[in-house]
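Below is one structure, written out as structure tokens; the observations come after it.
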Number of protein chains: 2
Amino acid sequence: MYELFLQHFNTKVALTAEEEALLKTYLTQKKLRRKQYLLQSGDICKAFAFIEKGAMKSYTVDDAGVEHIIQFGIEGWIIADLYSFLTGEPALYNVDAVEDAELVLISKSAHDALLKVLPKYETYTRLNFEGAYIAMQRRLTSIISNSLEERYEQFTAQYPEIAQRFPQHMIASYMGLTPETLSRVRKRISVK
Amino acid sequence: MYELFLQHFNTKVALTAEEEALLKTYLTQKKLRRKQYLLQSGDICKAFAFIEKGAMKSYTVDDAGVEHIIQFGIEGWIIADLYSFLTGEPALYNVDAVEDAELVLISKSAHDALLKVLPKYETYTRLNFEGAYIAMQRRLTSIISNSLEERYEQFTAQYPEIAQRFPQHMIASYMGLTPETLSRVRKRISVK
DNA sequence: CTTTTCTCTTGATTTAAATCAATACATTTT
DNA sequence: AAAATGTATTGATTTAAATCAAGAGAAAAG
């Protein structure tokens, strides 16, 4: 239980056996079936989720009812509305399962306690945020600076598993495009 | 010296007089004239900069020579190519002064040392990354989900000082638009 | 196993933004 | 003070993406 999470943690910050036992006492498990929500916008995000198995997405829904995907998550990734988690404000995003999923949850109270009792947890958190920030900055740079063809090719090169595991219309949503446009972008690339 | 930086730090994590004195020994100063570079893409980002005074921008330049602004910075903000700073890889971004600037620099070696000698520095860093991550996620959400009018109004509401202090064509670049389009967006808003 | 839903593609048309071009005004620079 | 540079607006035209619409194949549900 919690194998992948502990492995992920130890890769970033190595734990002693005692620390690992302590950490485990703060973790809980959750299983989700395809299409079930982990979080709905307007609710408070009371835990962040490490994905042990399965595939998730976070997204907004606009006035016209269209989903805009903010983030994907598969095994080894963290997913949540961090804004809501950290501030206690209502979530802006929905989070649900694209495939059946097994999650490790760290609640806000567990998170706050861990920051106090386990200094390595703060380092783990900092490294996660560093990585997440850098990934997001690259995504933003790509949106602002590159053509659709370049953006799609960068995306598939950087996240081949995401590109293959999620349906194409979700990739389009993630890129801020209609499914038709992404289909045509792919065609232009394949012709070239 | 370093007044604003120390104030910013203390607001996030309160320091004792001894800790503050220790922290100061790791800081250096730098002044930049308008249009001078702090960093050029391809170089290694060897320090991040806290802005004590002035205005900065980070940006990419595409094949056609067009600037794409990634981030603005004014008094109290941090600016750098964090990707390059953290990984030691060549920077993707240029950083230069839009107004004459006074900076507090924390070099990579100072950063690494501070993480070891001053636990509160790790907390400070974590909180900075949390805030930066959340701000960037909101920007991305806005790009993917909202109309240009909404995006511009959100931007001016959230960062009134930036909107007023930087020329409009830079705001356009930050939004991924041409200056002409932003001019027309503003006109549509004012008519409405 | 068969009906329904989901997924992707393609075509025609509309719509929004980029581009090209000109001008006016403000601010640096010399 | 004059020249040069930077900044913002407006108009005409082109270009790229969204929208509307249809259909075909695959996957999921009953």
Side-chain angles (χ1 to χ4, degrees), chain A residues 32-36 54-55 57 59 61-69 72 96-101 142-153 155-156 162-192, chain B residues 32-36 54-55 57 59 61-69 72 96-101 142-153 155-156 162-192:
Chain A
L32 281 184
R33 286 292 177 75
R34 200 166 108 85
K35 298 199 178 179
Q36 280 187 319
K57 67 178 191 317
Y59 58 98
V61 180
D62 68 20
D63 302 336
V66 179
E67 281 189 11
H68 300 275
I69 294 178
F72 294 117
D96 66 21
V98 178
E99 299 172 11
D100 293 355
S142 187
I143 289 177
I144 289 177
S145 312
N146 299 129
S147 71
L148 294 186
E149 282 83 347
E150 288 166 338
R151 284 171 58 195
Y152 182 71
E153 288 186 320
F155 175 77
T156 54
I162 301 284
Q164 164 247 299
R165 211 158 142 187
F166 288 82
Q168 205 170 295
H169 65 92
M170 289 188 192
I171 312 288
S173 168
Y174 178 86
M175 291 180 68
L177 306 178
T178 61
E180 295 96 323
T181 297
L182 181 57
S183 175
R184 291 179 177 117
V185 167
R186 281 160 53 87
K187 194 172 193 185
R188 288 203 295 269
I189 291 170
S190 72
V191 166
K192 193 186 61 185
Chain B
L32 282 183
R33 285 292 176 77
R34 200 166 111 85
K35 297 199 178 178
Q36 280 189 319
K57 68 181 191 318
Y59 57 97
V61 179
D62 69 21
D63 303 337
V66 179
E67 282 190 12
H68 300 276
I69 294 178
F72 294 117
D96 67 18
V98 178
E99 300 171 10
D100 292 356
S142 187
I143 288 176
I144 290 177
S145 312
N146 299 128
S147 69
L148 294 187
E149 281 84 346
E150 288 166 339
R151 284 171 58 197
Y152 182 70
E153 288 185 321
F155 175 77
T156 53
I162 301 286
Q164 164 246 297
R165 211 157 141 186
F166 289 81
Q168 206 170 292
H169 67 91
M170 291 189 189
I171 312 288
S173 169
Y174 178 85
M175 291 179 69
L177 306 178
T178 60
E180 295 95 323
T181 296
L182 182 57
S183 175
R184 289 177 178 119
V185 167
R186 282 161 51 88
K187 195 174 192 182
R188 289 205 294 271
I189 290 170
S190 72
V191 167
K192 193 186 62 186

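It should be emphasised that the depicted structure is a prediction, and the values quoted were computed from it without experimental measurement.
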TODO: Report the residues that fulfil ring pair (Phe, Tyr, Trp, His ring centres under 6.0 Å) with A:Y59, sequence neighbours left out, ordered by chain and then residue number.
DONE: none
Open item on the list: Side chains of A:D96 and A:K57, heavy atoms from C-beta outward: is any pair under 4.5 Å?
Closed with: yes
Open item on the list: How close do A:L182 and A:M175 get, counting heavy atoms only, and between which atoms?
Closed with: CD1-SD, 4.2 Å
Task: Under the side-chain hydrogen bond (donor to acceptor under 3.5 Å, both in side chains) test, residues paired with B:Q168 that sit two or more places apart - done: B:R186
Open item on the list: If I compare all heavy atoms of A:A55 with all of A:A101, which pair ends up nearest, and what's the gap?
Closed with: N-CB, 4.5 Å
Open item on the list: At 10 degrees resolution, what angle do the end axes of the helix from C:dC1-D:dG30 to C:dT30-D:dA1 form when each is taken over five base pairs?
Closed with: 50°
TODO: Give me the first and last nucleotide of DNA chain D, going 5' to 3', that has any atom under 4.0 Å from a heavy atom of chain B.
DONE: D:dG6 to D:dA12
Open item on the list: For A:A172 versus A:T178, what's the shortest heavy-atom pair and its separation?
Closed with: CB-O, 3.8 Å
Open item on the list: Quick check on ring pair (Phe, Tyr, Trp, His ring centres under 6.0 Å): which of A:F72, A:F166, A:Y152 does A:Y174 satisfy it with?
Closed with: A:F72
Task: Those residues that, when tested against A:N146, pass side-chain contact (heavy atoms from CB on, under 4.5 Å) (two or more places apart) - done: A:S142, A:E150, A:R151, A:Q154
For nucleotides 4-10 of chain C, which of its nitrogen or oxygen atoms have a protein nitrogen or oxygen under 3.5 Å away, and what is each distance?
unit_1, atom_1, unit_2, atom_2, d
C:dT7, OP2, A:H169, NE2, 2.8
C:dC8, OP1, A:Q168, N, 3.0
C:dC8, OP2, A:Q168, N, 2.9
C:dC8, OP2, A:H169, N, 3.1
C:dT9, OP2, A:Q168, NE2, 2.5
C:dT9, OP2, A:S183, OG, 3.0
C:dT9, O5', A:S183, OG, 3.3
C:dT10, OP2, A:K187, NZ, 3.4

Open item on the list: Is it the case that the side chain of A:S173 and the backbone of A:I69 share a donor-acceptor pair, with hydrogens and angles ignored and the cut-off at 3.5 Å?
Closed with: yes
Open item on the list: Check whether A:D100 reaches the backbone of A:R33 with its side chain - one donor and one acceptor, N or O, closer than 3.5 Å.
Closed with: no
